[in-house]
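The model shown is predicted, which means the values in this text are computed figures rather than measured ones. We name chains A, B, ... by the order of the sequence lines, and we start the count at 1 in each one.
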There are 2 protein chains.
Amino acid sequence: MLLTGTGRLAPGGLSPWALLVRDGRIAWVGSPADAPSGDAVDLGAALVTPGLVDSHTHPVFAGDRSDEAAARLEGAAYTDGGILRTMRATRAADDATLETLVETRLRAALAAGTTTVECKSGYGLSLAEELRHLRILRRVAERVPVRVVTTFLGAHAVPPEASSVAEYAAHVADEMIPAVADERLAEFVDIFADAGFFDLASTERIARAAAAAGLGVRLHAEQLARTGAAELGVRLGAASVDHLEQLDAAGVTALAGSATVATLLPAPAIVLRDRLPPARALLDAGASVALASDANAGTYGGFGTMPMVIGLGAALLGMSVSEALTAATAGGAAALRRPDLGGLAVGMAADLVAWDADHEGAFALRLGAVRPLRIWIAGEEIDLRG
Amino acid sequence: MLLTGTGRLAPGGLSPWALLVRDGRIAWVGSPADAPSGDAVDLGAALVTPGLVDSHTHPVFAGDRSDEAAARLEGAAYTDGGILRTMRATRAADDATLETLVETRLRAALAAGTTTVECKSGYGLSLAEELRHLRILRRVAERVPVRVVTTFLGAHAVPPEASSVAEYAAHVADEMIPAVADERLAEFVDIFADAGFFDLASTERIARAAAAAGLGVRLHAEQLARTGAAELGVRLGAASVDHLEQLDAAGVTALAGSATVATLLPAPAIVLRDRLPPARALLDAGASVALASDANAGTYGGFGTMPMVIGLGAALLGMSVSEALTAATAGGAAALRRPDLGGLAVGMAADLVAWDADHEGAFALRLGAVRPLRIWIAGEEIDLRG
């Protein structure tokens with residue numbers, strides 16, 4: 001399949017452009033004058049980008065915490081009480097209910113141009129419930145054409161049944177991770193390594209169990225307090241450390257010298273009226289940066305909003321639009337250790353989106369009110385009416 | 001027509017609730033137990049609010065300035081060059097093209113829950129072009145069921161044909177405003193009263209011509225510099241002064257003691273990486289505050305995004321969700337001098353939206369990813385498939 005356009009192929013901004021897809025991958029990209037002969041799908045003036053990669057979401061939950069968001073914005077504190085409220089509602093929801101909720105969220109992401117979405121468990125907080133949620137993710141992933149990368153986040157909070165952080169961390173490491181790995185239910189293990197959640201020792205214990213089981217590691221880090229979780233993530237070889245609102249200059253330096261991606265989540269940062277993560281410092285220092293939605297039950301509920309996240313990256317985090325778009329494509333792919341996704345180079349997956357825009361600046365100018373006209377994943381066009 | 005729900009009628013939060021519509025207006029509101037007998041439309045658990053009032057938009061333009069937004073976020077300056085670029089593209093577009101663009105934008109606003117939208121001209125900047133744009137607005141308003149309030153913004157920038165600000169201001173005051181008023185093409189006159197655009201003397205000259213012609217006055221004020229335009233607006237009896245990013249404590253005090261509404265536009269403020277307007281100070285001082293989108297050609301392109309604007313008001317401007325929702329309904333209505341709109345009291349227009357949410361906190365929690373399930377304007381249900 002040959003795609004051509006007179007608009008922009010971004011990031012990079014090639015215009016006009018031609019792109020040859022073979023066996024689901026990009027086989028050639030260049031000027032239309034040099035393209036192989038044959039029928040082409042002409043995308044006209046539409047902006048075309050790699051499919052967006054949302055490398056941080058929590059789609060498996062029931063219940064609604066909008067009332068809590070409203071109360072928090074009038075001064076109530078953000079505590080782990082919220083996660084446990086969602087845990088109770090989610091444990092009480094049957095499989096069919098949860099599958100419908102997850103499917104709706106994944107379809108919203110896809111319809112908004114996200115072609116790869118990382119999905120965490122973490123509102124179950126018991127072996128049986130976490131396995132149930134991961135199995136639901138697997139079933140939904142089979143019927144929605146978006147690429148799903150699954151992460152086990154048993155260490156999202158300490159459930160009321162546990163007597164201590166250390167006891168629950170041991171349970172996650174010794175019982176839950178082996179069961180998840182046995183059933184091949186996740187590629188990554190995530191840990192909420194922050195003040196009031198999992199301390200560094202418990203985090204390291206869980207992360208070493210993940211590595212022993214052959215699973216990658218990612219951390220929620222430096223959101224609520226500067227704890228050193230970013231440096232621990234680097235030392236453990238984490239694929240990504242996410243949030244980083246409280247990161248300081250030493251943390252920026254540690255990440256810049258590492259293979260660990262700094263994943264920034266501007267949407268929950270502003271919903272929580274938190275500090276914004278040091279995006280400009282991370283980019284200037286040479287760190288790998290991803291932008292993701294963090295769509296979840298309690299601190300940011302917007303599934304299908306990656307175009308807005310790109311806009312917020314540019315408007316609020318000091319990134320150029322090109323940097324923000326790259327962070328939401330190649331950056332997200334790097335955070336998922338998927339170098340074949342999120343780019344336009346020969347050999348990469350042909351995951352592409354044609355947008356109702358002429359230029360990538362529209363992600364900022366419209367703060368995300370930019371919609372896909374057509375989407376391809378592995379060279380197969382997605383039916384957007386689905 | 002009787003509407004009932006077990007969810008929330010907000011702002012105010014009545015739950016459960018019943019609302020009687022008669023002759024397009026709210027005839028009664030209260031508890032279902034006290035409701036008049038008869039068949040009811042049951043909205044279940046859905047959040048129901050007044051229709052949103054977007055009191056500041058610029059929908060009549062052609063061309064795309066996404067490239068300029070991208071360049072600006074890499075350090076280029078915002079100047080009036082941008083408005084003149086849109087002026088050229090818009091003057092070059094024929095009526096059918098502009099009508100289609102305006103209709104698409106108004107339908108996007110309506111589909112997102114905006115039931116009243118103020119629409120400015122201002123990309124024509126000549127008598128013939130401004131009249132053409134206002135006539136296009138009138139024609140489109142006849143076929144889109146949203147309520148349209150039209151504003152003449154001939155004083156948006158000084159066109160290249162004019163030799164000075166004063167000369168063009170005299171033309172606006174002496175030639176353009178009488179022609180607009182003769183044809184009853186607008187209810188308001190707006191003036192970009194800011195540094196590099198219209199000075200206070202020129203602004204006053206235009207505003208006095210508007211008043212003489214029986215038109216209301218509104219100002220773009222205190223966006224680029226603290227000029228005193230807010231106080232001038234109060235002195236002239238302006239319905240609203242809009243933007244206010246540079247407003248100081250004295251300006252807050254002046255507005256708080258006046259009938260002039262302070263209209264805040266967080267979306268372009270962040271796209272321009274500008275200061276944020278002093279929303280909290282204005283509310284605490286007792287000023288009337290509106291939130292609006294400012295959807296336009298160059299500094300914020302998101303038509304149909306009032307739910308996000310409410311979210312940004314809460315997340316970025318220090319407003320509670322209830323304050324932000326009120327500012328986007330009753331506040332916008334006050335800014336348009338339409339006390340019959342934007343509220344739930346008996347006698348007000350039955351403009352109502354049922355949302356895919358349970359609680360108004362969803363506007364913040366989801367940063368605008370909240371969609372109407374059903375919309376009524378003057379008691380008539382809108383076909384959302386239109």
**OP:** Check each atom of A/D67 against the heavy atoms of chain B and say whether the ones under 4.5 Å are side chain, backbone, both or neither.
**Re:** both
Subject >> Best-contacting candidate, B/G304, B/G318, B/G368, B/A267, against chain A by heavy atom pairs under 4.5 angstrom >> reply: B/G318
**OP:** Select, from B/A71, B/G301, B/P268, B/A70, the one with the greatest count of heavy-atom pairs under 4.5 Å involving chain A.
**Re:** B/G301
Original post:
Just by modelled atom types, is the B/S66 backbone N or O under 3.5 Å from a matching donor or acceptor in the A/R366 side chain?
Top reply: no
**OP:** Would you mind checking which part of B/A297 comes under 4.5 Å of any heavy atom in chain A, side chain (CB onward), backbone (N, CA, C, O), both or neither?
**Re:** backbone
Subject >> pair A/L312-B/I270: side-chain heavy atoms closer than 4.5 Å >> reply: yes
Subject >> Selection from B/S322, B/S320, B/A369 maximising heavy-atom pairs under 4.5 Å formed with chain A >> reply: B/S320
Subject >> Distance in Å, B/D358 CG paired with A/R65 CZ, rounded so as to fall on 0.5 Å steps >> reply: 14.0 Å
Original post:
Looking only at heavy atoms, which two atoms of A/G361 and B/A69 are closest? And how far apart?
Top reply: O-CB, 4.1 Å
Original post:
Can you tell me how far CD of B/E74 sits from CD of A/E323, rounded to the nearest 0.5 angstrom?
Top reply: 7.5 Å
Original post:
What part of A/M308 is in contact with chain B, defined as an atom under 4.5 angstrom from a non-hydrogen atom: side chain, backbone, both or neither?
Top reply: side chain
Subject >> Option that, when pairs with chain A are counted at under 4.5 Å, heavy atom only, ranks first among B/L367, B/V321, B/L365 >> reply: B/L365
